[in-house]
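The structure displayed is predicted, hence computed values, not measured ones.
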There are 2 protein chains.
Amino acid sequence: MPSTTETLTAERILEATEEVLRRHGPAKATVVDVARALGVSHGSVYRHFRTKAALREAVTKRWLDRTSERLAGIAAAEDLAPERRLRDWLAALFEAKRHKAGDDPELFATYTVLVDELGGVVHDHIADLTGQLTRIIAAGAESGDFTAPDPATAARAVFHATGRFHDPGYAREWTTPGIEEEFEAVVGLLVRGLRAEGQ
Amino acid sequence: MPSTTETLTAERILEATEEVLRRHGPAKATVVDVARALGVSHGSVYRHFRTKAALREAVTKRWLDRTSERLAGIAAAEDLAPERRLRDWLAALFEAKRHKAGDDPELFATYTVLVDELGGVVHDHIADLTGQLTRIIAAGAESGDFTAPDPATAARAVFHATGRFHDPGYAREWTTPGIEEEFEAVVGLLVRGLRAEGQ
DNA sequence: CAGCTAACAGATTTCAATATCTGTCAGTCC
DNA sequence: GGACTGACAGATATTGAAATCTGTTAGCTG
């Protein structure tokens, strides 16, 4: 039973893949399942994605990009003071990840598996996020609020230092009681470390 | 073939267990293997450890404690300036973990598996390490080198912020080229954040 | 009698046969 | 004739029967 008569597009395949992953999980989701969900033969799916890995990569990239886009808005908010912008951005990153993990834990676990079987995608995602952070810190350095000889290095340091609050490997900890305070303590320390001497 | 005629002690069982883990890995190491290595029946092992989990826990605790002990020396070196002491301690922690991981990757992977199937042991280990950090930071706060209203909170923040350089989950990254510089950048930022206003 | 063994029940793991999946391609169908 | 199918070979996953392991205990042994 074909779900619609529309032509088969990469986009429709990605949507079906996401649904199959949600239902079956990363280990049991097959290309045949995706084709079945679309009412086509699996050969047709291979017309749009050369391998199963390419399909998984595309769907994962889409998922990661949805997070980056939301944060890009904050990174671009040049009206806010740099410190405020940095704190908001980090809080939004934490909140976004935590929400994804808490909302639908199985889907989050699924994407976590996909993410670390796909080296390149994560690398790009992290480059994207640290790029946004670099822009915030560079703005702060220019305005004199921050001391940062090399904003890109400082951005990576801030990103790594807050890993506990956005790296999926720590997702289990995101529901423990004191986590908000831990986050505040780490961010507070980092912001103090970035601030220019005369405040 | 009994390896010796000595009486069977908990200590001898732990040594044999470590050897069996090194040889077979965490998934295939059995209590029967340990007993065989000691030339006794597995029932004798159960006389000293109530369950297989208890045996694994004891051997893991021993392994973690070997790291803590080395660091305790630095934490107690009260002749060093607080900032120096903090930097040395963090560098020693990174170095210790990195060495363990690089030296015998399979044994490290084995213990990593054990560590995160045993919730309580890690918790104690982390409490031990953050306790050492707290003492260093508290000393810095007293001497006026650091600003830290709550040294224990600051210690946990520093520990979490440097997770990338001691959490086994990141072991893969410890051999990548820029890791030393990343470490320096994070530690530099944290130390700046801890320093009292007038330097 | 303290320390050990050996045999056991139930749970878990292994292994090999069987089924399913991936990726290709010759051929069908608007 | 461009999008799709369906049959195929080799790779991977599933399954269930057999082997092994965990944890207990009755009894041996020095």
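Judged as a side chain to side chain contact (heavy atoms under 4.5 Å, CB included), and not counting sequence neighbours, the contacts of B:E117 are B:R56, B:V113, B:L114. Qualifying salt bridge (Lys or Arg N to Asp or Glu O under 4.0 Å) partners for B:E83, counting only residues two or more places apart in sequence or in other chains: B:R87, B:R195. Shown here are the side chain to side chain donor-acceptor pair (under 3.5 Å) partners of B:T130, two or more places apart in sequence or in another chain: there are none. Applying the side chain to side chain donor-acceptor pair (under 3.5 Å) test to B:R62 and every residue at least two apart in sequence or in another chain returns B:E11, B:E18. Judged as a salt bridge (Lys or Arg N to Asp or Glu O under 4.0 Å), and not counting sequence neighbours, the contacts of A:K61 are A:D65.
Pairs passing the ring pair (Phe, Tyr, Trp, His ring centres under 6.0 Å) check and including a residue from residues 38-79 of chain A, sequence neighbours excluded, read A:W63-A:Y111. Sorted by first and then second residue, the salt bridge (Lys or Arg N to Asp or Glu O under 4.0 Å) pairs involving residues 102-113 of chain A (not counting sequence neighbours) are A:R22-A:D104.
For the residue pair B:K100/B:T67, the side-chain donor-acceptor check at 3.5 Å is satisfied.
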Compile the donor-acceptor pairs under 3.5 Å between side chains in residues 119-126 of chain A and protein atoms, sequence neighbours left out, one pair per line.
residue	atom	partner	partner atom	Å
A:H125	ND1	A:S68	OG	3.4

What side-chain donor-acceptor pairs closer than 3.5 Å can you find for residues 163-172 of chain B, not counting sequence neighbours?
residue	atom	partner	partner atom	Å
B:R164	NE	B:E182	OE1	2.8
B:R164	NH2	B:E173	OE1	3.3
B:R164	NH2	B:E182	OE1	3.2
B:H166	NE2	B:F159	O	3.0
B:H166	NE2	B:T162	O	3.4
B:H166	NE2	B:T162	OG1	3.2
B:D167	OD1	B:G169	N	2.9
B:D167	OD2	A:Y170	OH	2.7
B:Y170	OH	A:D167	OD2	2.7

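In this entry the distance linking CD1 of B:I13 with C1' of C:dG3 reads 12 Å, nearest Å. Put simply, CZ on B:F49 is 15 Å from P on D:dT22, counting in whole angstrom units. Regarding B:R56, its CZ atom lies at a distance of 10 Å from the P atom of D:dG23, rounded to whole Å. Between the P atom of C:dG3 and the CG atom of B:L38 lies a distance of 17 Å, rounded to the nearest Å.
Contacts between residues 14-27 of chain B and DNA chain D, defined by a heavy-atom separation under 4.0 Å, are absent.
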Given protein heavy atoms under 4.0 Å, the one-letter contact record of nucleotides 18-30 of chain C, with B base, S sugar-phosphate only and - none, is simply ---SBBB------
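Comparing the end axes of the helix from C:dC1-D:dG30 to C:dC30-D:dG1, each fitted to five base pairs by superposing C1' atoms of four pairs onto the next four, gives an inter-axis angle of 10° (nearest 10 degrees).
Other residues, nucleotides and ligands contribute at most 12 non-hydrogen atoms within 6.0 Å of the CZ atom of A:R70.
Phosphate contact (OP1/OP2 of D:dT5, side-chain N/O of A:S44, threshold under 4.0 Å): present.
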